[in-house]
Structure formats: structure tokens, C-alpha cells
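Step one of this worksheet: look at the structure below.
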Amino acid sequence: MVELPYRATDRINLSCAEILLVDSNREGMSVLTQMFAGFGVHTPHCCATAGEALEIIKKRDMTIIIVDTVLPDMSGYDFVRTLRRSKIKPNCFAPVILMSGHTPRSMVLEGRDCGANFVMAKPVNALTMLKRIMWLATETRDFITSTDYVGPDRRFQRLGPPPGKAGRRKTDLPATIGIATGPDLSQSEINQLFKPTKVNL
Amino acid sequence: MKVKNRLGEMMRQPGGRSLVEALKGAEKRLEKLSPDLLKGLDRAIARLEAGAAQLADPPNEKALAEVYQGSNEIIALAGLVGYAAIDEVAHGLCELIDAFTAEGQWNDQAIRVHIDAVQLLRALPQGDKAGREQVLDGLRKVWNRFGVRQPAAPPPAAPEEAAG
């Protein structure tokens, strides 16, 4: 379950959003276009092949991209890899949702590692799609560019580097805690950290 | 590096619609699609049957890919038109094909029983819950026999969560 900082009465505005939908299945595409029309999207860009989609991203700035994993000319995973490495801004940074019918662990991991923001299992209903879009709208993950991977940071939790390994990023904290560099806090200072109170001066 | 969240900025612009309106609008439009989705489901079942008819022992790659893709298409549609049981069978079939491929084994009967089950479930009246369960119970024995992960039930189509 994705927790969202939204209420049912909150408003969303997708009227100006440019949505790229890539699905070779006729009914699958109909489901997506009708769903997004219901959400208030006026102009979805619909493509049945990765080739068509790659042409469109050269011309239009996409707000969100939805891709099926099975496409006739290349896999959805390869499409996302190509998009992420295309250097076509801002599309190479655009949020991408990969969709698949059968979703074994290996496919979900490949979806994550190709640079997609999210993998969704079909059949997709409107509520689930809306939740994922709202989750993407609050996305704060860094964008990683390395020789092996281009896409949103794959770490959802700040657990630090794996045990026994040194971190590779400037923000990685060491696994061992060093010696204190300042005096210990007093109990009242600790209390203030946990129970902030209003102070009248 | 930090990247500007353009989607978030756009969604927060004044105007638009409430979450409830957005959800109801989408669901209303999807309801109207049902007849087309049913036709698509039947086409996917036909693709599955055609692929299965070409299977041999050992199976040829092309026919197996057709069966797998047919199952994938069924998964994408069956749950949207009230055929959750067919969705479950198609998931089980994909898992079975994955297991056979990984372990280099093959059992023609185990595959064919899934095709028969899909056809039977499509023909059963929507209200025949006992009939559906009977078919699924039989398949669960097949999945257990080959150590296949039990397919998860498809997500509910009802939007109770968003209303609160």
C-alpha cells in the first residue's frame, strides 16, 4: 500500500499534462486512454511501438510515460533504457511506469534496473493508477547517472550501504559509529528534541 | 542529482478535478469499454489456444512464446470484465511455463489442462461460483505438484478506498 498525503477532496490538474502511452494491445491502449481521459488528460500520445514512442519524445516534453513490457519492436525495458540514456531533456528524466501482465520477481527487478520509476501489474484499475501517479507527483528520489544505470535512485529506504561494504556516494554514512566529537547532551536538551514546547521570552 | 518534479508541479496547478471526480470519471469511461474488453479477452483466449495447438514435446520456442503472450493478454483483461478465475488460471500457466523453462522439464498435460480450464471458465455462467472453485481446486493440485507459486488474486475493481 502506498501512503499518500492526499484527501479524496484534494484536486489534481492533469489538463495540461502530456502523457505518452505505449502499448501494442488494442484493448490495453483503450483502457489507458479512457482512464487518463477520466483523470482529466486532454491529449494522450498513443503509440503501438517503441519506435513511434522514441520519435515522439524527440518532439514533445512528456509529463509521464506509461509503457507495456511487451512491444513488437523492442521490450519495454529496452525502451526505458534507451529513453534514460537519450539525453533528451526533460524526457530522459520523466517518470516512467512499466506495466506487465505476468510479474515474476525477475521481471520486477529488471523493471527497476532498467530505470523505471514503478512497475505495475495488470489488470490496472483506475484507483491503483491514480495512486501511483500521485505517488510519482511526490517523488523526491535523486536521479542517478552511472555507467551501469540511469534512472531514479533505486533505494527507497535509507539503510546505508550493504554490511561489510563501503558506501559509494558522498551521502553514505559509515556503518560504524565513530567517537563522539562534542560533549554529551543534558537530559533537558534531549527532552527538547523529543518534546518541543512553546517558549515565552 | 536532483531533478525537478514536473508532474507534481503540474498537478498542483489551480483547476483540475477532485480525486473522487477523477476516479469516478475514469471508472465511468471504463465501464463503457466492457463489450470491447470481452472481445479482446476472447481474442486472447483464441491466441492461447492457437499457440497451444502448435506445442510439441519438447515444445518449440515460438509456440511457447505464443502461449505465454496469450496468457499475458488474458491477465491484462480478464480481471477488468469480471473473470478473476480466468486471470488466476493465466497467472498459473505463466508461472508453470517459467518453472518448466528454468528447470528444463516439460509436461504437456499440465499445460493443456490450463487451456481447457480457461475455455471452461469462459463458458461457465458468471454466477456459478461452485463450478469456478471446482476448476481452480483441480488446477491448484497441478500447481502444487510442480511447485508453482500460487497466483495472487487480481486487485479489486471497487473504489471503496478513495471515497474515505
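In this text, all values refer to a predicted model and were calculated from it rather than measured experimentally. Proteins come first, then strands; the chains are lettered A, B, ... in the order of their sequence lines, and each starts at number 1.
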So does [X] have more than 12 non-hydrogen atoms from other groups sitting under 6.0 Å from [atom1]?
| X | atom1 | answer |
| --- | --- | --- |
| A/Glu189 | CD | yes |
| A/Arg26 | CZ | no |
| A/Asp184 | CG | no |
| B/Gln134 | CD | no |

Does [X] reach the side chain of [Y], with side-chain heavy atoms less than 4.5 Å apart?
| X | Y | value |
| --- | --- | --- |
| A/Lys122 | B/Leu80 | no |
| A/Leu14 | B/Met10 | no |
| B/Met11 | A/Asn13 | no |
| B/Glu27 | A/Met35 | no |
| B/Arg17 | A/Phe39 | no |
| A/Ser30 | B/Asp36 | no |

*Under the side-chain contact (heavy atoms from CB on, under 4.5 Å) criterion, do A/His102 and B/Asp98 qualify, and how do the steps go?*
CA-CA 10 Å; A/His102 184 222; B/Asp98 275 356; 3.0 Å; yes
Supply the atom-to-atom distance [X] [atom1] to [Y] [atom2], rounded to the nearest 0.5 angstrom.
| X | Y | atom1 | atom2 | result |
| --- | --- | --- | --- | --- |
| A/Gln34 | B/Lys32 | CD | NZ | 8.5 Å |
| B/Leu7 | A/Ile65 | CG | CD1 | 11.5 Å |
| B/Met1 | A/Ile144 | CE | CD1 | 9.0 Å |

Taking every heavy-atom pair that is under 4.5 Å apart, which of [options] has the most such pairs with chain A?
| options | answer |
| --- | --- |
| B/Gly25, B/Ala90, B/Cys94 | B/Cys94 |
| B/Ala22, B/Pro14, B/Ala44 | B/Ala22 |
| B/Leu77, B/Leu30, B/Ile74 | B/Leu30 |

Any side-chain to backbone donor/acceptor pair from [X] onto [Y]? Under 3.5 Å, distance only.
| X | Y | result |
| --- | --- | --- |
| B/Asn5 | A/Glu139 | yes |
| B/Arg6 | A/Met62 | yes |
| A/Arg11 | B/Gly16 | yes |

What part of [X] lies closer than 4.5 angstrom to a heavy atom of chain B: side chain, backbone, both or neither?
| X | answer |
| --- | --- |
| A/Thr63 | both |
| A/Ser106 | neither |
| A/Val31 | both |
| A/Asp61 | both |
| A/Met107 | side chain |
| A/Pro104 | both |

[X] versus chain A, the contacting section by heavy-atom distance below 4.5 Å:
| X | value |
| --- | --- |
| B/Glu73 | side chain |
| B/Glu9 | neither |
| B/Leu37 | both |

*So, for B/Lys2 and A/Thr140, which heavy atoms are closest and what is the spacing to 0.1 Å?*
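Heavy-atom minimum between the residues: NZ-O, 3.0 Å.
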*For residues A/Pro123 and B/Ala76, report the shortest heavy-atom separation together with the two atoms involved.*
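Distance-wise, the nearest heavy atoms are CB-O, 3.5 Å.
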_chain B interface, residue from A/Ser100, A/Pro152, A/Ala37 that has the most non-hydrogen pairs under 4.5 Å_ =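 Maximum pair count with chain B is reached by A/Ala37.
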*Is any NZ, NE, NH1 or NH2 atom of the basic residue among A/Glu27 and B/Lys39 found under 4.0 Å from an Asp or Glu carboxylate oxygen of the other?*
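A salt bridge is absent here (no side-chain N lies under 4.0 Å from a carboxylate O).
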